[in-house]
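Below: one structure, written as structure tokens.
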There are 2 protein chains.
Amino acid sequence: MSSTEAIRVGPGFASEFPGAVASSAEVLANVVRTTTELLNEVQRRRAAIAPVSASAFQALAVIEGAGEALPSHVIADRLLVSTASMTSLLDTLERRGFAARRPHPNDRRKILVEITDDGRLVVDQMLPVVHAAATEAFSGLTETERKLLIDVLTRVRGQVSEMAASEPVPPKPRRKPKRA
Amino acid sequence: MSSTEAIRVGPGFASEFPGAVASSAEVLANVVRTTTELLNEVQRRRAAIAPVSASAFQALAVIEGAGEALPSHVIADRLLVSTASMTSLLDTLERRGFAARRPHPNDRRKILVEITDDGRLVVDQMLPVVHAAATEAFSGLTETERKLLIDVLTRVRGQVSEMAASEPVPPKPRRKPKRA
DNA sequence: TATTGTTATACTCTATAACTATA
DNA sequence: TATAGTTATAGAGTATAACAATA
């Protein structure tokens with residue numbers, strides 16, 4: 001049973017890491033921890049329905065949500081994985097009978113990935129579970145807080161996007177404190 | 001280049017998933033996406049220093065942060081992994097020379113995992129990078145917003161903790177819409 | 001009996017590099 | 001030349017079950 005108090009940095013943080021912002025370090029730690037625990041719980045509930053991995057479910061949800069067969073690289077883009085990883089993931093989905101490849105009618109380099117009836121069944125059973133888990137997880141927030149949270153996260157995502165596009169500035173080195 | 005607009009659910013959500021809250025589904029999607037992109041960027045920066053996996057770094061940071069050698073299961077608890085996975089992770093860390101096992105002086109069932117000088121060097125180099133990334137990622141928020149975000153995340157974590165402790169309520173089934 | 005850690009086993013995810021086919 | 005996908009290769013992470021040693 002992990003405690004549900006906020007994760008905090010120690011009092012020496014500011015002098016130990018010059019230039020770093022303590023509350024930002026704390027936000028990082030807390031957002032990662034919260035997301036991890038949330039995903040673990042969602043995965044636990046999905047697993048009760050069928051043994052499908054998170055990535056496999058995500059891929060199925062993308063295809064089903066699109067309402068049409070999609071080229072492999074489109075799914076790879078949405079899942080943030082390489083095309084080679086996507087090939088492997090599609091192999092798994094096909095072996096399990098949840099998706100199928102078929103040739104693209106116009107462009108012979110491409111394939112189209114379609115979801116099967118079995119795959120659709122999995123998505124139909126799992127989506128309500130996922131949405132119910134989300135509803136329960138965020139039921140302690142007001143509608144206003146949820147809207148605000150989405151807005152804040154989106155701003156952060158824009159900033160991260162810029163960071164990914166540029167070389168990072170070398171941070172100031174750690175100043176190690178004395179230790180018992 | 002993924003867009004940095006907020007992830008939204010479609011207009012038919014409410015009727016398609018009775019009982020589910022749209023903004024909660026949106027928070028889930030956005031928090032997972034933001035965290036994933038953030039972790040990818042942090043990992044990219046860490047990888048520029050040394051080829052250490054996220055889990056390996058986390059384990060090293062836990063030991064270093066404790067300021068003393070720790071039993072294996074304590075580290076496993078903090079990383080939310082099984083003890084068997086921890087054994088595997090420790091094998092990797094030991095092989096790379098970043099950590100070492102030694103017998104517990106009082107309890108012969110236990111081992112103590114200590115960080116080596118090389119491991120300490122890795123942590124000392126990576127922590128400033130991680131904190132700098134966090135500082136940059138959340139620089140678009142005010143200090144008040146960061147405090148608020150930590151508070152909100154902590155409340156969510158408490159709720160998730162309760163969810164993990166009880167059997168989930170079966171959600172209402174999906175009501176599939178017509179599709180073109 | 002309960003706790004700690006390891007072994008055995010197996011599977012998934014992921015990436016990079018090299019390659020083929022097609023546009 | 002650029003794009004789409006596969007193959008080959010490799011490594012990491014993770015879990016469950018069975019087990020040994022110790023408390």
Side-chain angles (χ1 to χ4, degrees), chain A residues 1 32 36-37 39-44 46-48 50-60 62 69-96 98-114, chain B residues 1 32 36-37 39-44 46-48 50-60 62 69-96 98-114:
Chain A
M1 180 75 58
V32 170
T36 301
E37 293 180 1
L39 286 178
N40 281 350
E41 176 61 16
V42 169
Q43 175 61 24
R44 185 177 78 94
R46 276 201 309 246
V52 174
S53 75
S55 290
F57 169 73
Q58 251 193 305
L60 288 179
V62 164
L70 296 175
S72 176
H73 74 276
V74 172
I75 309 172
D77 281 353
R78 304 237 190 128
L79 264 55
L80 305 178
V81 298
S82 68
T83 60
S85 296
M86 198 63 227
T87 295
S88 166
L89 191 50
L90 290 180
D91 289 344
T92 301
L93 286 174
E94 231 174 10
R95 178 164 33 84
R96 299 264 182 98
F98 296 144
R101 292 169 167 100
R102 58 179 169 83
H104 190 289
N106 306 331
D107 189 335
R108 292 171 62 187
R109 293 172 305 179
K110 299 181 184 174
I111 58 164
L112 287 177
V113 184
E114 60 190 4
Chain B
M1 181 73 58
V32 169
T36 301
E37 294 180 0
L39 285 179
N40 282 350
E41 176 60 15
V42 169
Q43 175 61 25
R44 186 178 77 94
R46 274 199 310 244
V52 173
S53 76
S55 289
F57 169 73
Q58 251 193 308
L60 288 179
V62 164
L70 296 175
S72 177
H73 75 276
V74 171
I75 309 172
D77 281 354
R78 304 237 189 127
L79 266 53
L80 305 178
V81 299
S82 68
T83 60
S85 297
M86 198 64 228
T87 295
S88 166
L89 191 50
L90 289 180
D91 288 345
T92 301
L93 287 173
E94 231 174 10
R95 177 165 33 81
R96 300 263 182 99
F98 295 144
R101 292 169 166 101
R102 58 180 169 83
H104 190 289
N106 306 330
D107 189 335
R108 293 171 61 187
R109 291 171 307 180
K110 299 182 184 174
I111 58 164
L112 287 177
V113 184
E114 59 190 3

Given C/dT4, C/dT6, D/dA4, which nucleotide is nearest the side-chain atoms of A/Lys110?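 Side chain of A/Lys110 sits closest to D/dA4.
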Looking only at C/dA15, D/dT14, D/dG5, the nucleotide nearest the A/Val81 side chain is C/dA15
Ignoring backbone atoms, establish whether [X] has a side-chain N or O less than 4.0 Å from OP1 or OP2 of [N].
X        : N      : value
A/His104 : D/dA4  : no
A/Ser55  : C/dT14 : yes
B/Arg96  : D/dG11 : no

Counting N and O atoms only, with roles assigned by atom type, does the side chain of B/Ser88 sit under 3.5 Å from a partner on the main chain of B/Ala84, one being a donor and the other an acceptor?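 Judged by distance alone, no pair lies under 3.5 Å.
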Are any side-chain N or O atoms of B/Glu94 and backbone N or O atoms of B/Arg101, one a donor and one an acceptor, separated by less than 3.5 Å? yes
Of all heavy-atom pairs between A/Pro105 and A/Leu112, which one has the smallest distance, and what is that distance?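 Closest pair (atom of A/Pro105, atom of A/Leu112, distance): CD-CD1, 3.9 Å.
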For the student: nearest non-hydrogen atoms of A/Arg102 and A/Ala69, plus distance: NH2-CB, 3.6 Å
Comparing A/Ser88 with A/Arg109, nearest DNA chain C nucleotide closer to 5' gives the residue A/Ser88
Pick the closest DNA chain C nucleotide for B/Ala84 and for A/Arg108 by heavy atoms, then say which residue is nearer the 5' end.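 Here B/Ala84 is the residue nearer the 5' end.
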How many angstroms lie between NE2 in A/His73 and CZ in A/Arg78, if you round to the nearest 0.5 Å?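 Rounded to the nearest 0.5 Å, the NE2-CZ separation comes out at 10.5 Å.
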Separation of [N] [atom2] from [X] [atom1] (nearest whole Å):
X        : N      : atom1 : atom2 : result
B/Asn106 : C/dT3  : CG    : C1'   : 16 Å
A/Arg101 : D/dA4  : CZ    : C1'   : 12 Å
A/Leu89  : D/dA4  : CG    : C1'   : 17 Å
B/Asp91  : D/dT14 : CG    : P     : 14 Å
A/Ile111 : C/dA23 : CD1   : P     : 15 Å
A/Arg95  : C/dT12 : CZ    : C1'   : 9 Å
A/Leu90  : D/dT7  : CG    : C1'   : 15 Å
A/Gln43  : C/dT12 : CD    : P     : 12 Å

So [X], base contact, sugar-phosphate only, or nothing? Heavy-atom distance under 4.0 Å.
X       : result
A/Ser82 : base
A/Thr83 : base
B/Thr87 : base

